[in-house]
Amino acid sequence: MHWLALIGLFLLASVAYAAWRGAPWVPTWRRDLDRLAGLAALKPGEHFVELGCGDARVCVEMARRSGARATGVELGLPQWAAARLRAWHSRLPVQIALGDAFSFPLADADVAYLFLMPDALAKLAPKLAAELRPGARVVSYVWPVPGMQVVREDHVEGSPVIFLQVKKLET
């Protein structure tokens with residue numbers, strides 16, 4: 001039984017570290033997926049990246065609805081394992097990376113989706129500005145990314161706000 005306790009402790013530590021780095025695992029509400037998809041406006045062949053993908057519910061749904069390929073990045077081992085299983089089961093072009101949102105490359109992302117705490121969004125803002133190509137869309141759930149201009153806010157009573165932000169074209 002000792003090894004089970006060690007595994008449990010390791011998994012708990014993994015989840016705690018992931019929460020400390022960006023956000024605790026709280027899934028995007030299923031009822032908000034239509035709103036999210038509308039703001040993301042993904043087209044076939046585009047690349048959707050979710051930083052902190054949890055169980056990959058959003059990645060799989062965006063790939064299913066749009067024909068886009070999706071990549072989820074997750075730091076918590078239990079969530080990563082669940083995400084890998086969901087992506088595999090979907091048989092869609094969804095990849096799941098075990099990694100940190102702060103180090104995952106974003107140069108080929110057409111849409112980046114974030115449901116992170118405000119502090120993590122503030123820390124990610126310079127990375128988004130530096131790595132996303134002009135015209136890339138950022139969709140964030142609950143809070144906007146500081147320093148990025150909000151193009152559209154989607155409000156529905158009883159649900160969190162979803163923000164659409166676009167990296168400005170360089171002049």
Side-chain angles (χ1 to χ4, degrees), residues 14-42 46-63 65-66 68 70-80 82-83 86 94 96-170:
S14 169
V15 170
Y17 179 69
W20 175 75
R21 287 291 287 165
W25 182 50
V26 178
T28 299
W29 292 353
R30 287 185 196 280
R31 69 181 188 204
D32 291 332
L33 291 175
D34 287 338
R35 297 168 54 216
L36 193 159
L39 288 175
L42 283 161
E46 286 192 316
H47 188 199
F48 176 86
V49 175
E50 182 178 9
L51 300 176
C53 72
D55 65 359
R57 173 189 305 169
V58 174
C59 289
V60 168
E61 189 62 20
M62 293 305 112
R65 290 176 183 226
S66 67
T71 302
V73 182
E74 180 54 55
L75 189 58
L77 286 173
Q79 293 92 335
W80 171 82
R86 183 184 294 257
V94 177
I96 305 299
L98 178 61
D100 191 324
F102 298 97
S103 60
F104 189 82
L106 297 172
D108 74 337
D110 296 294
V111 175
Y113 175 64
L114 313 164
F115 181 14
L116 301 171
M117 299 302 289
D119 289 348
L121 291 172
K123 290 176 189 171
L124 268 175
K127 175 182 179 55
L128 297 168
E131 293 184 23
L132 289 174
R133 57 183 165 220
R137 303 170 309 275
V138 175
V139 179
S140 59
Y141 197 65
V142 183
W143 298 284
V145 177
M148 289 190 80
Q149 182 179 357
V150 174
V151 175
R152 187 168 162 214
E153 294 181 23
D154 187 305
H155 295 268
V156 170
E157 190 171 330
S159 287
V161 179
I162 305 176
F163 297 90
L164 172 63
Q165 299 169 280
V166 177
K167 181 171 178 184
K168 292 182 180 178
L169 299 175
E170 297 166 357

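In this text the structure is predicted, and so the values were computed from the model without any measurement. Throughout, numbering of the chain's residues begins at 1 and tracks the sequence.
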- Note on the structure: In terms of heavy-atom contacts, L121 and P144 come closest through CD1-O, 3.7 Å

- Query: If you take all heavy atoms of M148 and L128, which pair is closest and at what distance?
  - Reply: SD-CD1, 4.3 Å

- Message: So does G54 get a backbone contact from the side chain of E74, meaning a donor-acceptor N/O pair under 3.5 Å?
- Response: yes

- Note on the structure: Closest non-hydrogen contact found for A101 with V73 is N-CG1, 4.2 Å

- Message: Tell me which pairs pass salt bridge (charged side-chain N to carboxylate O under 4.0 Å, His left out) where either residue lies in residues 138-149, with sequence neighbours left out.
- Response: none

- Item | N/O donor-acceptor pair under 3.5 Å between K127 side chain and F104 backbone | yes

- Item | SB check R65 E61 (cutoff 4.0 Å) | yes

- Message: Measuring only between side-chain heavy atoms, which start at C-beta, is R31 closer than 4.5 Å to S159?
- Response: yes

- List the atom of A83, the atom of A56, and the distance in Å for their closest heavy-atom pair. CB-CB, 3.6 Å

- Task: To the nearest 0.5 Å, tell me how far M62 CE sits from L36 CG.
- Result: 4.5 Å

- Expected output: side-chain R57 to main-chain P27 donor-acceptor under 3.5 Å: no

- Task: Supply the atom-to-atom distance D32 CG to I162 CD1, rounded to the nearest 0.5 angstrom.
- Result: 5.0 Å

- R137 side chain to V111 main-chain N or O, any donor-acceptor pair under 3.5 Å? no

- Item | Pairs touching residues 101-110 that satisfy salt bridge (charged side-chain N to carboxylate O under 4.0 Å, His left out), sequence neighbours left out | R69-D108, D110-R133

- For residues A109 and V49, report the shortest heavy-atom separation together with the two atoms involved. CB-CG2, 3.7 Å

- L51 CG to F102 CZ distance, which is reported to the nearest 0.5 Å: 9.0 Å

- State, with a plain yes or no, whether a side-chain heavy atom of D55 is found less than 4.5 Å away from one of Q79. no

- Message: Less than 4.5 Å apart, side chain to side chain, heavy atoms only: is that true for H47 and T71?
- Response: yes

- Message: I need the F163 CZ to L114 CG distance, nearest 0.5 Å.
- Response: 12.5 Å

- Note on the structure: So CD of E50 and CD1 of I96: to nearest 0.5 Å the spacing works out to 8.0 Å

- Give the minimum heavy-atom separation between P160 and V142, together with the two atoms involved. CB-CG2, 3.6 Å

- Query: Quick check: does any side chain N or O of R152 sit under 3.5 Å from a backbone N or O of L164, one acting as donor and the other as acceptor?
  - Reply: no

- Any side-chain heavy-atom pair from V58 and F115 closer than 4.5 angstrom? no

- Task: Measure the SG-OH distance between C59 and Y113 for me, rounded to the nearest 0.5 Å.
- Result: 10.0 Å

